[in-house]
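Here's the structure we're looking at; comments come further down.
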Protein chains: 2
Amino acid sequence: MTQRKRRLPTTEELRIWRDFIETAEALRSELSSRLQSESSLSPGDYAVMLALSEADGHRLRPSELAATIGWERSRLSHHLGRMEQRGLVRREECATDSRGAEIVLTAGGAEAFRGASIPHLRAVRELFVDALSPGQLTAAGELAAALRGRLAELRAR
Amino acid sequence: MTQRKRRLPTTEELRIWRDFIETAEALRSELSSRLQSESSLSPGDYAVMLALSEADGHRLRPSELAATIGWERSRLSHHLGRMEQRGLVRREECATDSRGAEIVLTAGGAEAFRGASIPHLRAVRELFVDALSPGQLTAAGELAAALRGRLAELRAR
DNA sequence: GGAACATGATTGACGTGTCAATCATTTTCT
DNA sequence: AGAAAATGATTGACACGTCAATCATGTTCC
């Protein structure tokens with residue numbers, strides 16, 4: 001086996017790669033645009049509000065929130081600023097650590113989230129789940145696991 | 001069969017969906033950051049330059065270019081502005097249609113693209129192709145086709 | 001106690017993506 | 001020819017994401 005890791009992808013492998021990544025992107029974009037037009041929320045808003053709505057008292061520290069949804073803190077901070085402007089969340093001071101803040105889902109935010117949720121889940125079913133056979137769905141999960149595993153391996157080094 | 005299309009995804013289906021879309025996103029992000037650090041090019045730059053480098057005379061009309069890489073014209077126009085600033089491409093007037101322009105890959109652009117290409121392809125192999133079994137690779141292609149087909153169906157309506 | 005360091009979070013700068021509006025040049029149609 | 005519509009492309013405004021820098025508060029350790 002000569003330098004397995006140094007070979008370049010074949011034309012066919014490259015085609016699959018491009019199909020895969022472009023399709024994922026198209027899917028993300030379609031979901032995003034539906035969410036936007038149906039509820040004026042972005043996928044980012046949705047992720048933040050999902051985490052908050054599942055949290056105790058509809059509130060979380062920014063760091064916990066960032067960890068939950070897998071975002072960098074900086075990204076979250078910018079996003080929260082925009083969401084706060086729109087009245088979806090509120091920043092409050094943290095009682096136990098005065099460096100920190102607490103992010104609270106407002107009543108309006110909770111309502112917006114409730115309104116967005118069902119249509120969004122329906123869209124996921126329509127565009128993803130129902131587009132695949134049961135076997136393909138399983139395969140999708142395994143694919144994600146394999147790719148994720150690979151990424152984790154490399155980061156570990 | 002009662003209202004098949006109106007049911008919401010199950011917890012398991014939702015988990016797969018999230019794994020899938022988040023993994024694709026993580027992959028995109030990792031590839032992007034490697035490309036950036038190795039060659040100071042973004043995936044967008046790369047897509048544009050790949051199309052140009054395969055075109056006759058290393059030049060294309062913006063609309064053709066946009067169609068080739070599947071971008072909206074507005075997005076392309078903004079991106080070309082930034083690339084032009086960096087000397088990667090040049091805008092020239094079009095001989096046959098004075099509304100139009102022609103985008104030309106500069107010598108510097110071509111060189112940057114050549115330098116980025118091999119490492120990028122290696123990264124695709126390492127992070128995608130080599131992470132999957134041959135069967136999974138095939139499955140990835142079929143998955144993409146199924147999802148793409150679904151998107152096309154819906155747009156056609 | 002107080003210097004050094006760690007942690008929680010925000011900020012600014014800048015590249016990127018979308019949408020709607022705009023502008024100039026064809027093309028079409030009568 | 002000339003008004004109307006189509007086409008090629010750009011622009012401005014604004015949301016989003018990343019990176020490096022910053023700031024304030026906590027923690028550690030002598």
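Lettering of chains follows the sequences in order, A, B, ..., and the numbering in each one begins at 1. What you see is a predicted model; the values in this text were computed from it and never measured.
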Item checked: Gap between atoms CZ and C1', on B/Arg73 and D/dT11 respectively (whole Å) -> 13 Å

Check: Looking only at side-chain N and O atoms, does B/Ser63 come under 4.0 Å of OP1 or OP2 in D/dA9?
Finding: yes

Notebook entry, point to check: What pair of heavy atoms forms the shortest contact from B/Met49 to B/Ala110, and how long is it?
Noted result: CE-N, 4.4 Å

Check: Does D/dC16 have OP1 or OP2 sitting under 4.0 Å from an N or O in the side chain of A/Ser42?
Finding: yes

Margin query: Whether B/Arg61 contacts D/dA9 is assessed here as follows: a side-chain N or O lying under 4.0 Å from the phosphate OP1 or OP2. Is that the case?
Written below: yes

Note to self: Taking the nucleotide of DNA chain D with the nearest heavy atom to each, does B/Ser33 or A/Gln36 sit closer to the 5' end?
What the structure shows: A/Gln36

Item checked: Most 5' of A/Pro62 and B/Thr96 on DNA chain C, judged by nearest nucleotide -> A/Pro62

Next item on the list: Quickly work out the A/Arg28 CZ to C/dG17 C1' distance and round it to whole Å.
Entry: 9 Å

Next item on the list: State the CD1-CD1 distance between B/Ile21 and B/Ile16, to the nearest 0.5 angstrom.
Entry: 13.5 Å

Note to self: In this structure, how many angstroms lie between the C1' atom of C/dG15 and the CZ atom of B/Arg86, rounded?
What the structure shows: 9 Å

Notebook entry, point to check: Between A/Asp45 (CG) and D/dC14 (P), how many Å, whole number?
Noted result: 17 Å

Check: Looking only at side-chain N and O atoms, does B/Arg91 come under 4.0 Å of OP1 or OP2 in D/dT10?
Finding: yes

Check: Has A/Ser74 got a side-chain N or O lying under 4.0 Å from the OP1 or OP2 atom of C/dT10?
Finding: no

Check: Do A/His78 and D/dT18 share a donor-acceptor pair, side chain to base, under 3.5 Å?
Finding: yes

Next item on the list: Specify the separation, in whole Å, of atom CG of B/Leu31 and atom C1' of D/dT18.
Entry: 17 Å

Check: Please give, in whole Å, the distance from D/dC16 P to A/Glu72 CD?
Finding: 16 Å

Checklist line | D/dG17 phosphate, OP1 or OP2, under 4.0 Å from A/Arg75 side-chain N/O | finding: yes

Item checked: Cationic N near anionic O, under 4.0 Å, A/Asp45 to A/Arg82 -> no

Check: Nearest-Å distance, CG (B/Leu88) to C1' (C/dG15)?
Finding: 13 Å

Check: Between C/dT18, C/dA6, C/dT26, which nucleotide has the shortest distance from any of its atoms to the side chain of B/Asp97?
Finding: C/dT26

Checklist line | For A/Tyr46 against A/Ser117, the heavy-atom pair lying closest together | finding: OH-OG, 3.5 Å

Check: When you measure from the side chain of B/His79, which nucleotide among D/dT18, C/dG17, D/dT25 comes out closest?
Finding: C/dG17

Next item on the list: Could you tell me which non-hydrogen atom of A/Pro119 sits nearest to which non-hydrogen atom of A/Glu38, and how far apart they are?
Entry: CB-OE1, 3.3 Å

Note to self: Just N and O in the side chain of B/Arg82: are any of them under 4.0 Å from OP1 or OP2 of C/dT16?
What the structure shows: yes

Item checked: Distance in angstrom units between A/Glu84 CD and C/dT11 C1', rounded -> 15 Å

